[in-house]
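The structure appears right after this line, and notes come after that.
Labels below follow one simple rule: chain letters A, B, ... track the order of the sequence lines, proteins then strands, and each chain is numbered from 1. What you see below is based on every heavy atom in this structure, not just the backbone, and it leaves out hydrogens, waters and symmetry mates.
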There are 2 protein chains.
Amino acid sequence: MPATPEVPDGKRPTLAHVAARAGVSVALVSIVMRGAYGASAATRERVLKAAEEIGYRPDTRARVLRSNRSRLLGVQFGLRHPFHTDLVEGIYAAAEPAGYQVALSAVAPTRGERQAVEALLADRCEALVLLGPEAPAARLAHLATQVPVVSVARRLRPAPPAVDVVRTADDEGARQAVDHLVALGHRAIAHIDGGRAPGAADRRRGYRTAMHRHGLDEHIRVLPGGLTEDDGARAARTLLAEKPRPSAVLAFNDRCATGVLDTFLRAGVAVPGEISVVGFDDTSLSRLAHIDLTTVAQDVPRLAELAVGRAIARLDGEAVPDGEQVVAPRLVVRGTTAAPGTD
Amino acid sequence: MPATPEVPDGKRPTLAHVAARAGVSVALVSIVMRGAYGASAATRERVLKAAEEIGYRPDTRARVLRSNRSRLLGVQFGLRHPFHTDLVEGIYAAAEPAGYQVALSAVAPTRGERQAVEALLADRCEALVLLGPEAPAARLAHLATQVPVVSVARRLRPAPPAVDVVRTADDEGARQAVDHLVALGHRAIAHIDGGRAPGAADRRRGYRTAMHRHGLDEHIRVLPGGLTEDDGARAARTLLAEKPRPSAVLAFNDRCATGVLDTFLRAGVAVPGEISVVGFDDTSLSRLAHIDLTTVAQDVPRLAELAVGRAIARLDGEAVPDGEQVVAPRLVVRGTTAAPGTD
DNA sequence: ACTAGAAGACCCGCGGGCGTG
DNA sequence: GCACGCCCGCGGGTCTTCTAG
């Protein structure tokens, strides 16, 4: 029996198996598998053939162990947030061309942010990209002492040193929405907010400031909301019960806006005829033909690209200036907004 | 200068650093970190303190390399499918108590199933749990020669050897929906199908069979649909244009049903007054108060538990009988179904 | 004398077998 | 019998060395 059997039973083939089969050294197989310089074309072909035949597959875990780099980006996200899943798609698209792998760690009912991050770190991720993290700023700062940390869509005030923030100019987005509505002729514009959700404070502030600038202070109206459809529906029911109803509503996000829309439709309140509705995020939800929601788009590919780029820059030891990267939002006008009283 | 400096600059602390700091051997630290037997309480405390101080964190990749088991379950899922993300939550809940970690690999526009699976395998996952895989059965069979494979929600005919299938009795679910509608007095019940999506064929067949059993052959009507809201909306528009409209619609899934609902609402067609709508999956979408969709529930926790259980059983070398694990669906009656003509 | 191609030693961080006091 | 240390190997990358041309 040979020292290294060609077909290792139920076990995973290794470099040694390939080497034995191809009749070369292990080191040479390593060179070939990495596509590195130092093997002749003929050998290369023999080795690749042998690897193919026994179904060899490089073991990333062993590889990482040796080379001190893992080239792994850890991403924490919420399974239930469409905005997060959209971002994850963008992160894959940005990371892989840069030569980085992505490790996903979801936040779920049975799995908090702490666990999600611990898993990523134990897995040797070189940097952490956290989508809408709700952990205390101090915790993020502590993490950042161990590994580069990028907070996406969650502003941190005061900014802890070394924690990068990539976010949309939420206040500016709210302003664009208000400007649009005012230009259409609206005056009584209400805002259904996101409570303590990441970004909510800025959107609220942006709304208030914009209303003030238009001299509409007396129409400022912030209703408690949240980030789910139910939150939006609840706030919408409050509005329905009112005598002079606002003629337009800016919701915290698209999910919230969807809840508002649906509640109005069911109550026979025409949108945008009787009331205009604006969302936030431009998730796939709002783009659907039958929702057709006017919304403030976050530039997801750009956010993903910046987040990945920032993490990589830190890893490459570039002198990255502290400070946020703020991406401009863009209002997308669709079918849920119109001049008031357009019935 | 000591052989192993206590604070390894920017590097990750290892067992050796902890050992040096605590003044014990590396092996002993290993024992303590694993909570294994063989260390005195005093030593244990000293070691843990040292580890804490320098921020030591076990390296799963090295650990995996050493112990031939990785205790890692690879999960492939679609970021855009709420049903998948719900399942992922269930898989976390089922796997972690059983002592298995979960590795997520998403299918995205820039990342096909092939890439997703390759990443999982390179990462040394011991088994693969594929949610609604669309790869050819032959490919799945090939994978199964290397590692246990569980296909969730995708039936395989003929069943390849060694590929486990965990799925809902889709035909039975469609039957329950039809029975419910017939009991309410409906006769003209249409089905918006899912094309070639996993499960679509069975739901279509279940619908046809049920209609036939009720003597409603002449009312059988299958419209081409799909798994997104837009697909549902498109089919709904087709129905709107018809003269004698069906009085009820069974949609392929909840997303599709949502599209149908919205289109009807916008057209002023009352649901369930003029037309009843039934979805499939019971995703969080349908449970929302303002959608309140009657739907066929898939037992997500059970599916997740079976999928994980099956994978683990294979890994434990249990003699698992080939064959599918079929989970019963359960109709959840909510607000979108009623007797016909209840206006 | 110089180079491409190939081989061997050793290391990464950790866990287990076996030994020692 | 308990607490602990030494040594080796998991799979693969890197550095050094050796050989043939």
Arg302(B) bridged to Glu305(B) by N-O distance under 4.0 Å: yes
Contact check, side chains of Asp299(B) and Thr168(B), non-hydrogen atoms, under 4.5 Å: no
Residue pairs fulfilling side chain to side chain donor-acceptor pair (under 3.5 Å) with at least one residue in residues 77-86 of chain B, sequence neighbours excluded: Glu89(A)-Arg80(B)
Partners passing side-chain contact (heavy atoms from CB on, under 4.5 Å) against Thr145(A) (at least two apart in sequence or in another chain): His142(A)
Whole-Å gap separating P (dC14(C)) and CG (Leu65(A)): 9 Å
dA6(C) phosphate, OP1 or OP2, under 4.0 Å from Thr43(A) side-chain N/O: yes
Show the distances under 3.5 angstrom between N or O atoms of the protein and N or O atoms of nucleotides 19-21 of chain C.
none

Rounded to 10 degrees, the angle between the two terminal axes of the helix from dC2(C)-dG21(D) to dG21(C)-dC2(D), each from five pairs: 50°
Validation: residues 155-163 of chain B side-chain donor-acceptor distances under 3.5 Å, sequence neighbours left out:
from: Arg155(B); atom 1: NH1; to: Asp202(B); atom 2: OD1; distance (Å): 2.9
from: Arg155(B); atom 1: NH1; to: Asp202(B); atom 2: OD2; distance (Å): 2.7

Sugar-phosphate only, base, or nothing, as touched by Val26(B) at under 4.0 Å among non-hydrogen atoms: nothing
Nearest-angstrom distance from the residue atom CG of Leu15(A) to P of dC10(C): 19 Å
Heavy-atom side-chain contact between Val166(A) and Glu324(A) under 4.5 Å: no
Distance in angstrom units between Arg71(A) CZ and dC12(C) P, rounded: 21 Å
Heavy-atom side-chain contact between Val88(A) and Leu131(A) under 4.5 Å: yes
If you restrict it to nitrogen or oxygen atoms, what contacts under 3.5 Å exist between nucleotides 18-21 of chain D and the protein, and what is each distance?
none

Lys/Arg N to Asp/Glu carboxylate O, Glu53(B) vs Lys49(B), below 4.0 Å: yes
N/O-N/O pairs, protein side and nucleotides 7-9 of chain D side, under 3.5 Å:
from: dG9(D); atom 1: N2; to: Arg66(B); atom 2: NE; distance (Å): 3.3
from: dG9(D); atom 1: N2; to: Arg66(B); atom 2: NH1; distance (Å): 2.6
from: dG9(D); atom 1: N3; to: Arg66(B); atom 2: NH1; distance (Å): 2.6

Residue-level proximity of residues 96-103 of chain B to DNA chain D when a heavy atom falls under 4.0 Å: none
Where at least one partner belongs to residues 98-117 of chain B, residue pairs that pass salt bridge (charged side-chain N to carboxylate O under 4.0 Å, His left out), sequence neighbours excluded: Glu96(A)-Arg111(B)
Under 4.0 angstrom between Ser25(B) side-chain N/O and dG5(D) OP1 or OP2: yes
Residues in contact with DNA chain D, drawn from residues 30-41 of chain A - heavy-atom cutoff 4.0 Å: Ser30(A), Arg34(A)
Rounded distance (Å) that lies between atom C1' of dG11(D) and atom CZ of Arg69(B): 18 Å
Inter-residue atom distance Leu128(B).CG - Leu121(B).CG, 0.5 Å rounding: 5.5 Å
Side-chain H-bond candidate by donor/acceptor type, Ser30(A) with Arg34(A), under 3.5 Å: yes
Presence of Arg63(B) side-chain N/O under 4.0 Å of dG15(C) phosphate oxygens OP1/OP2: yes
Side chain Glu126(A), main chain Arg71(A), donor-acceptor under 3.5 Å: yes
Distance, rounded to the nearest Å, where Leu28(A) contributes CG and dG13(D) contributes P: 13 Å
Close side-chain approach of Gln76(A) to Val117(A), heavy-atom, < 4.5 Å: yes
N/O donor-acceptor pair under 3.5 Å between Arg57(A) side chain and Ala122(B) backbone: no
Which residues share a side-chain contact (heavy atoms from CB on, under 4.5 Å) with Ala98(A), sequence neighbours left out: Tyr100(A), Ile312(A)
Any donor-acceptor N/O pair, Tyr92(B) side chain to Ala106(A) backbone, under 3.5 Å: yes
Residues that Pro198(A) engages under side-chain contact (heavy atoms from CB on, under 4.5 Å), provided they are two or more places apart: Glu134(A), Arg154(A)
Separation of atom CZ in Arg61(B) from atom P in dG15(C), rounded to whole Å: 15 Å
Stepwise salt bridge (Lys or Arg N to Asp or Glu O under 4.0 Å) check, Asp123(A) with Arg61(A): CA-CA 9 Å; Asp123(A) 216 28; Arg61(A) 306 184 89 89; 3.0 Å; yes
Test item: Val129(B) and Phe77(B) side chains (from C-beta on) under 4.5 Å apart, heavy atoms: no
